[in-house]
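Reckoned from all heavy atoms, side chains included, excluding hydrogens, waters and symmetry mates. Along the sequence shown, residues are numbered consecutively beginning with 1. Atoms within a ligand are numbered from 1 in the order they appear, just like the ligands themselves. The shown structure was predicted, so the numbers you read here are calculated from the model rather than taken from an experiment.
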Amino acid sequence: MKKTVRDIEVKGKRALVRCDFNVPLKDGVITDDIRIVSALPTIRYLMENGARVILMSHLGRPDGEPKKEFTLAPVAERLSRLLGTEVKFAGSDNVVDDKVREAASELKDGEVMLLENVRFRKEETKNGADFAKELAQLGDFFVNDAFGTAHRAHASTAGVADYLPAVSGFLIEKEVEFLGNAVENPKRPFVAIMGGAKVGDKIPVIENLLKKVDTLIIGGGMAYTFFKSQGLEIGTSILDKDNVELAAELLKKAEAAGVKMLLPVDCVCGKEFKNDTEYAVYSKDNIPADMMGLDIGPKTAELYRQAASDAATVVWNGPMGVFEMPNFAKGTKAVAEALAESDAVTIIGGGDSAAAVEQFGLADKMTHISTGGGASLEFLEGKTLPGIAVIEDK
Ligand code: ADP
Ligand code: MG
């Protein structure tokens, strides 16, 4: 178990908090503030318990230089509005300088300030010790609450912990609880549902999950690489050529491990990769040579729905079809609905899967939707994430 802000005395102390305020901006205006809203519980907890809160984050890719379009000033404004109290913006191009140090030392209990974009400094992404030290000197302890960057060893995500005691905020606590503990020690039956475009991106995840799950369900574009490895005709479906043999090996590994591996039995195939193309349902061994599989078929959806509803824990990564096109969203929707109706612990990892669940209005029916794309994949691969490794154990 990792220590959280609840496990330390915060009153009168300066909390240096790494958040994920990497929000989308259009002409300097924040177009979606979900990441800021998600950070509020940790910030409020610290404020209410009398900490002096110093927030830091990156925004976009300024490549180690101060660039106006990547300033965190709009975030300070939005944060002030959401918290109903002024968040002081320490807008130094150097992130830390004498003025910033002074502002940090003048903070009173319960007050909040925000540093400028940490990626204005080259040393940030190189985890430069000097920059980490400069940041660390602003605080008495470090709180990591930026899950989306926890798989990176940067100065503000990991380096600062060389100089400060480190705990997690509530966002990382939840990710560790569900992606970590639920996957390591799941209630069974444990079912993983894997989809998305390419097998290649997900091989390490599949290999890791094969060691843990009772059933592994394959859908989405990656199914066709598995079909190819079984010698089936896949028409013009997306194919990960370099990984056909690996797909065959994964099928063998699953069998050897006693894991039930489910592949689609039917597919919705279209002539072209667009919504208003000619399309029809075909069984898996009947895919026409001039058509591409764009969704799992209705029989498969029913099969997967059943497998998901028999589970006690479900991890889902990757949509079942091209859910962005309404004609090919049905399979993904069926699986999302099965998870929403199920009593199982349901964990969604992966940016597009999360977007799909959101699109169907089922997000609040899931146990946990991971906020970090790359970070959640690395977690599911069983890797140690640097930004989590630095957090002290209880
Ligand atoms: P996640 O972000 O949840 O990890 P991925 O990024 O791996 O998921 O994959 C998502 C993409 O896979 C979506 O854009 C979706 O359109 C695409 N996809 C799903 N099924 C197919 C298919 N049969 N053919 C082509 N693309 C597909
Ligand atoms: Mg994706």
For this session: In plain terms, say whether E69 and K67 are close enough for a salt bridge, that is, a side-chain N and a carboxylate O under 4.0 Å apart.
Result: no
Exercise. Counting from 1, what ligand 1 atoms have a heavy atom of G293 closer than 4.0 Å?
Worked result: 22 (C), 23 (N), 24 (N)
Exercise. Which protein heavy atom lies closest to atom 21 (C) of ligand 1, and at what distance to 0.1 Å?
Worked result: G221 N, 3.3 Å
For this session: Identify the protein heavy atom lying closest to atom 14 (O) of ligand 1, giving its residue, its atom name and the separation to 0.1 Å.
Result: E324 OE2, 2.5 Å
For this session: Start with the C-alpha distance between M47 and L83, add both sets of side-chain angles, then the distance that settles side chain to side chain contact (heavy atoms under 4.5 Å, CB included), and finish with yes or no.
Result: CA-CA 10 Å; M47 290 169 71; L83 288 170; 4.1 Å; yes
For this session: Using distance alone, determine whether D352 and ligand 1 share an N or O pair under 3.5 Å.
Result: yes
Exercise. Do any nitrogen or oxygen atoms of I238 come within less than 3.5 Å of a nitrogen or oxygen of ligand 1?
Worked result: no
Exercise. Does K202 come within less than 4.0 angstrom of ligand 1, counting non-hydrogen atoms of the residue?
Worked result: yes
Exercise. Nearest to atom 26 (N) of ligand 1, what protein heavy atom do you find, and at what distance?
Worked result: V322 CG2, 3.7 Å
Exercise. Can you find an N/O atom of A197 closer than 3.5 Å to an N/O atom of ligand 1?
Worked result: yes
Exercise. Does Y224 reach ligand 1, in the sense of a heavy atom lying below 4.0 Å from it?
Worked result: yes
Exercise. How does N317 reach ligand 1, by side chain, by backbone, by both or by neither, if only non-hydrogen atoms under 4.0 Å count?
Worked result: side chain
Exercise. If you measure every N/O of D201 against every N/O of ligand 1, is any gap under 3.5 Å?
Worked result: no
